[in-house]
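First up is the structure itself, then whatever we jot down about it.
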Amino acid sequence: MSIGIDDISFYTSNFYLDLKSLADVQNIEADKYYQGIGQERMGIVGADEDVVTMAAAAALPLFERSNKASIDTLLFATETGIDQSKAAGVFVHGLLGLPSRCRVVELKQACYSATAALQMACAIVAREPGRKVLVLASDIARYDLASSGEATQGCGAVAILVGANPKLVEIHPQSGRYTEDVMDFWRPNYRATALVDGKYSTKIYLKALKQAYLDYLEQGGTGFDQLDHLCYHLPFSRMAEKAQTQLARCSGSTRDPVARAAMIAPSLHYNRTIGNSYTASIYIGLTSLLDHATEDLSGKKIGFFSYGSGCVAEFFSGSVVAGYREYLHTQRHQTMLKARTELSYTQYLKFYNFECPADGGDHRMPEQTTGPYRLASIDQHKRIYCAR
Ligand code: HMG
């Protein structure tokens, strides 16, 4: 019996800022962003969107071919939590009408926790192969205005259905891990924006990649030159290029730079126009690979590197299942991205500066999202969601 990804779908907000608009205001060349960090646009959430509405929207298409009753567990990965106590996944459970005989929990470790959720989901299915686990990863990346991280903001959610004999990607049992207590990126509870030591964070990312990969090899994993594609955590798409160079170096790869670039190119399209979606980013990268690869990926091996600042990292792999193309949501993903509205820099500032009311009154949220779910109001500190 194999275990892995039976279905996958992502969602992002219908608003974005082109990084040229940011570069113009900063009086720098847009190519610093387009080429230097490899990003074109960043997704911006409306006032009536959050990690719950995005995650529910990502998950909705999965139930076109899967029965809600089979969902045994919902694991919600995020670092943009909306409550210190209640798991965001419980709101999603309600919006989607999932069975009451289902456990729901929220997981946190920066951008890494969706991978912990995926591995836990595989373990749950191994124990009870008839069950399915819904893994949701949803985040909004926010940095201070005029900080080095500002251009790497973004938002998105991904929904992954994990089950036995999956239709898309079998996850291999080998995995390599790396944890080190560092302060490269963090967000104290009293702050709405993250703090980051940008250059240091990229160095730690590459160190963790090497260490997790070496552990993966020791566990019997597949060497770099035997992998067909790589999906990396994507804070910005140039990071994947740096990671490829690092992995080629520490594996003694004989592949030339063009072949190495081709291993990652299809996985970068979506993230380039969404920005960092933290926990969701590596798996939005996977949907990008599945949706954009021109060759048939059946039987191809994919390496995954998941990184969460702080830091925890994991390297693992999977194989694409024959016939996977029949089950993709490519058209929906591409239509959603084409239908987005561009914000001017002034509009972006207005969205950025919107503050969720926190005084306990009854507040209706401005109607902005075009997604299937919205945050309708915050009343007596309670978040009220509805279908749109
Ligand atoms: P910066 O100071 O804005 O940019 O910081 P820079 O001056 O280093 O330039 C970036 C690149 O653009 C350079 O290339 C320049 O040469 C090039 P590189 O040296 O990297 O090869 N450049 C140009 N290229 C073409 N035309 C031009 C031009 N000008 C410059 N005109 C930094 C960049 C990544 C530090 C910043 O964006 C940042 O702080 N980002 C946030 C932190 C981050 O994303 N870290 C990534 C690793 S940590 C991680 O992935 C975890 C995270 O997702 C959080 C979590 O786990 O929860 C962040």
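We count ligands from 1, going down the list as the structure has it; atoms in each ligand are counted the same way.
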Go through the steps to decide whether Asp256 and Arg260 satisfy the test salt bridge (charged side-chain N to carboxylate O under 4.0 Å, His left out), and finish with yes or no.
CA-CA 6 Å; Asp256 64 54; Arg260 290 203 308 255; over 6 Å; no
Under the criterion side-chain contact (heavy atoms from CB on, under 4.5 Å), I'd like the reasoning laid out for Ile160 against Asp7: C-alpha separation, chi angles, the key distance, then a yes or no.
CA-CA 6 Å; Ile160 303 172; Asp7 205 350; over 6 Å; no
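Salt-bridge formation is detected for the pair Asp72/Arg103: a Lys NZ or Arg NE/NH1/NH2 atom is positioned less than 4.0 Å from an Asp or Glu carboxylate oxygen. Classification of Arg65 and Glu326 as a salt-bridged pair fails, no side-chain N sitting under 4.0 Å from a carboxylate O.
Between Gln35 and ligand 1, no pair of N/O atoms sits closer than 3.5 Å.
The nearest heavy-atom contact from the protein to atom 54 (C) of ligand 1 is Cys111 SG, 3.4 Å. For atom 33 (C) of ligand 1, the closest non-hydrogen atom on the protein side is Ile37 CG2, 4.6 Å. Nearest to atom 58 (C) of ligand 1 among the protein's heavy atoms is Tyr143 OH, 3.6 Å. For atom 51 (C) of ligand 1, the closest non-hydrogen atom of the protein is Ser309 OG, 3.2 Å. In terms of protein heavy-atom proximity, atom 3 (O) of ligand 1 is nearest to Lys32 NZ, 3.0 Å. Scanning the protein heavy atoms around atom 22 (N) of ligand 1, the nearest turns out to be Gly36 CA, 4.1 Å. The nearest protein atom to atom 37 (O) of ligand 1, hydrogens excluded, is given as Ser148 O, 3.2 Å; this is a heavy-atom distance. The nearest heavy-atom contact from the protein to atom 25 (C) of ligand 1 is Asp31 O, 3.4 Å.
Between Phe316 and Tyr283, the two ring planes are tilted [angle within 30° to 60°].
Residue-ligand proximity, Ala110 to ligand 1, at heavy-atom distances under 4.0 Å covers atoms 55 (C), 56 (O), 57 (O). Near Phe185, meaning under 4.0 Å from one of its heavy atoms, ligand 1 places the atoms 54 (C), 55 (C), 57 (O), 58 (C). Per-residue contacts place Arg238 under 4.0 angstrom from the following atoms of ligand 1 (heavy atoms of the residue considered): 14 (O), 18 (P), 21 (O). Applying the 4.0 Å criterion to heavy atoms of Glu29 picks out, from ligand 1, the atoms 31 (N). Residue Lys242 approaches ligand 1 through these ligand atoms, each under 4.0 Å from one of its heavy atoms: 18 (P), 20 (O), 21 (O).
Heavy atoms of Tyr112 found under 4.0 angstrom from ligand 1: none, in either backbone or side chain.
Proximity of Tyr205 to Phe305: side-chain heavy atoms (C-beta onward) are separated by under 4.5 Å at one or more points.
Considering all non-hydrogen atoms of both residues, Tyr232 and Ala243 come closest at CE2-CB, 3.4 Å.
Per-atom contact check: atom 47 (C) of ligand 1 touches the protein, criterion being a heavy-atom distance below 4.0 Å.
Screening residues 186-201 for salt bridge (Lys or Arg N to Asp or Glu O under 4.0 Å), with sequence neighbours left out, gives Asp144-Arg191.
For Gly308, the heavy-atom gap to ligand 1 drops under 4.0 angstrom.
More than 12 heavy atoms of other shown residues, nucleotides or ligands fall within 6.0 angstrom of atom CD in Glu342.
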